[in-house]
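Structure first, commentary second.
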Number of protein chains: 2
Amino acid sequence: MTTTPRRARAPRQSDVARLAGVSQSAVSRVIGGDTDAARIPEATVRRIQDAIKELGYVPNPTARKLRTGRNRLLGVHTFEAVFPRAREDFYFEFLLGIEERAEEIDHDLVLFTSTGGSDGRRRVYRDGVNRLNVADGAVLLGVAADRAELARLEADGYPFVHIGRREVPGTRITCVVPDYESAAAAIVDRLADLGHERIGYLRAGIEEESYADRRRGYESAVARRGLRDVSPASPGLEEGRLDAAWLDAVATGEVTAVVADAEWLAHPLADGLADRGLTVPRDVSVAVLEGVAPDAPVRWDCLQIPRREVGRLAIDTLVGMLDEPGEPVADVLVECVVVEGETVAAPPAGPSGDTRGSTV
Amino acid sequence: MTTTPRRARAPRQSDVARLAGVSQSAVSRVIGGDTDAARIPEATVRRIQDAIKELGYVPNPTARKLRTGRNRLLGVHTFEAVFPRAREDFYFEFLLGIEERAEEIDHDLVLFTSTGGSDGRRRVYRDGVNRLNVADGAVLLGVAADRAELARLEADGYPFVHIGRREVPGTRITCVVPDYESAAAAIVDRLADLGHERIGYLRAGIEEESYADRRRGYESAVARRGLRDVSPASPGLEEGRLDAAWLDAVATGEVTAVVADAEWLAHPLADGLADRGLTVPRDVSVAVLEGVAPDAPVRWDCLQIPRREVGRLAIDTLVGMLDEPGEPVADVLVECVVVEGETVAAPPAGPSGDTRGSTV
DNA sequence: ATTCTCTGCTCATACGTATGAGCAGCGACT
DNA sequence: AGTCGCTGCTCATACGTATGAGCAGAGAAT
């Protein structure tokens, strides 16, 4: 049993200094490595280093943080549990990227798991205390992100980045988001290239910031390519069914291709079309503006959200903010890959169809 | 745009104090809630609280940590990436429990992801700095845990708990481990109850601390029940095949049941037995001393490692150490459930078999 | 009138580090 | 003899909080 006796108190720089016969600041400088600026000769440096070894001195990160304001600690705040029940969990892939990148640039991650409230909801402020403050900055993610908390965080000047677009009036928060706008436009372009002229957009009923991006991309591409937009009047689902009148219109050939906001919209769409005797993609093409699970029953034409890359870029953006405080940071767009599936084809050469608009 | 102008400097207690016309310590006491001990009347408390609200004051966790030594931050150090590629990952379930429990007791988690070294290996000490120090204590896990680092950590008096047994000579490190010993004994008991009298133990070649626990449980139960142990001379696999001589002995009825250290040993075992015309469990029973993937091709009789619970207990144990520093903490054993599968049955009533030893 | 007790605070310090400013000593140069 | 410049450090302070000790004043008791 040669165990070192448990030290009552960890050695500090002043202990090292005493042993080496120098001042605490000399020790600090040697550790900080600015021996040139402080003009400490090699002999003294070695003496100090020996003392450090002998005492087993280890810098105190808390004191460092207090002094310098930096920690190499990056926060991750999710509004739900971080370790997901299912690997397919929405967050999961983001976290993979976050951890990967943090490791590469030698930072540690703080997972803010404590709820603080009795309601069990995760919040940033717990009885007025910004818990994130331990970390140099934080990456926030989660659909339920409380907008008031984000505004307060921003007002407090806390450096953070949000994964996914989140807009709060009167506040400029930095987001890292998939480039839905370009991706939506690319999908419309592809449909146009194939000869489609009349297309529709099926949106989710839920109001969400990222919807605006997709919609914008869709609309600009529709205008640019001179297409006709025939979207349903009522957005999304109604009692599990889509707008019947609009589906009937699709059946009469009013629309030859549909862009759906999400996969869960595409399935009822396909059902509704099947009810009316239409087959995808022979009669109607369908593309999905969202990543699709690899084991989905239908191989949708869709776009793939680069979640891993988004996570990585969130870290880089955050660290950029820390390095250049005060500088306003623009949102970061991450390109989406358009995946070709089995649900998009050329439009049928029906009575109402001609290929005047085709660029192929 | 009514955004609060970005404060150059976050307000501190002294700012609050000035506004409320009191001293900094009064503010600290009000925040700390020990207004009784400090005899601060309600009116003053309210004045201070108003000032806190007006300035949007938020305590600085770093300063707090420096002063009190506590953070409500618990470290998690894994020697590989935390967010696993596969959900079946060994660590995964532990982390689930860790996060769950940390959330319940209102602590945050620090994920030590940084490598510090150029070799890309995750280490506790990076150029002599104990990175874990930011957190109040840490849970370590990972088969590759460097023993020297553990010893140093212990010598430094850093509070930590290791998931899985890890022994370092001359050092007493606290582990939270599945109770393999009892589980192995329970499995042997079950075999004995079924009437087996001659059994063997198939161990993994890899030297590992937890092996000792299992072996101990096995041996004590074998002795207690008066069984005969006929284990192979050579442990584990050799060139992908098990000890042939021993397998032949099993084929002649020398052994009617085998306890295997791990699932990957059980498969070649079953193959070897099949080669000799034996069927599991009709001719030979096989039990596995390790959890088995739910989608395994064979429904082994095995024991289930309560990983989630181990994670939770690791947190509790760690917090206990923080609350009572100095107290030695015994290892924590977590009971394993023995799962009945389809690979254990009563021994065949062969020429060499009698039921004298059966207690059923 | 003096002492005692209680209230309502304040003072001072410690936690461990980083860093700008400065100082003593020495050799060199004018 | 004076001063310039360099070396090799040290001094002092700030970061923001928590806390033991103590102090001034008011009222009560003797």
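All chains are named by letter (A, B, ...) in the order of the sequence lines, taking the proteins before the strands, and each is independently numbered beginning at 1. As the structure is a computational prediction, the values presented were derived from the model and not from experiment.
With Val76(B) as reference, Leu95(B) is the one residue of Ile163(B), Leu95(B), Val110(B), Ile315(B) to meet the side chain to side chain contact (heavy atoms under 4.5 Å, CB included) rule.
The residue among Gly21(B) and Arg67(B) whose nearest nucleotide of DNA chain C is located toward the 5' end is Gly21(B). Between Asn60(B) and Val22(A), the residue whose closest nucleotide on DNA chain D is further toward the 5' end is Val22(A).
Formation of a donor-acceptor pair under 3.5 Å by the Arg72(A) side chain with backbone atoms of Ile105(A) is found in this model. A side-chain donor-acceptor contact under 3.5 Å links Thr68(A) to the backbone of Arg64(A). Using a distance-only test at 3.5 Å, with no hydrogens or angles considered, no donor-acceptor pair links the side chain of Arg70(B) to the main chain of Asp136(B).
For the segment residues 23-33 of chain B, residues with any heavy atom less than 4.0 angstrom from an atom of DNA chain D are, sorted by number, Gln24(B), Ser25(B), Ser28(B), Arg29(B).
Under the side chain to side chain donor-acceptor pair (under 3.5 Å) criterion, Arg67(B) pairs with no residue, sequence neighbours left out. Legend: residues meeting side chain to side chain contact (heavy atoms under 4.5 Å, CB included) with Val329(B), ordered by chain and number and at least two apart, are Thr174(B), Thr317(B), Met321(B). Residues that satisfy the side chain to side chain donor-acceptor pair (under 3.5 Å) test with Glu104(A), not counting sequence neighbours, are Arg101(A), Arg312(A). Shown here are the side chain to side chain donor-acceptor pair (under 3.5 Å) partners of Asp331(B), two or more places apart in sequence or in another chain: Arg165(B). Take Glu42(B) and apply the side chain to side chain donor-acceptor pair (under 3.5 Å) test, not counting sequence neighbours, and it matches Arg46(B).
A 4.5 Å side-chain heavy-atom check between Leu140(B) and Leu153(B) finds at least one atom pair inside the cut-off. Taking 4.5 Å as the limit, some side-chain heavy atom of Phe160(A) sits within range of a side-chain heavy atom of Ile173(A).
For DNA chain C, each stem of at least three Watson-Crick or G-U pairs (distances under 3.5 Å) is given as range with range: C:1-30 with D:1-30.
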Can you tabulate the close N/O pairs, meaning under 3.5 Å, that link protein atoms to atoms of nucleotides 4-8 of chain C?
from: dG8(C); atom 1: N7; to: Arg39(B); atom 2: NE; distance (Å): 3.0
from: dG8(C); atom 1: N7; to: Arg39(B); atom 2: NH2; distance (Å): 3.4
from: dG8(C); atom 1: O6; to: Arg39(B); atom 2: NH2; distance (Å): 2.7

Pair up each side-chain donor or acceptor in residues 18-27 of chain B with any protein partner under 3.5 Å, not counting sequence neighbours, and list the distances.
from: Arg18(B); atom 1: NH2; to: Asp15(B); atom 2: OD1; distance (Å): 3.4
from: Ser23(B); atom 1: OG; to: Ser25(B); atom 2: N; distance (Å): 3.4
from: Ser23(B); atom 1: OG; to: Ser25(B); atom 2: OG; distance (Å): 3.0
from: Ser23(B); atom 1: OG; to: Ala26(B); atom 2: N; distance (Å): 3.4
from: Gln24(B); atom 1: NE2; to: Gln13(B); atom 2: OE1; distance (Å): 2.8

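Read 5' to 3', the first and last nucleotides of DNA chain D with an atom closer than 4.0 Å to a heavy atom of chain B are dC15(D) to dG22(D).
Atom NE2 of His107(A) is separated from atom CD of Glu99(A) by 14.5 Å, given to the nearest 0.5 angstrom.
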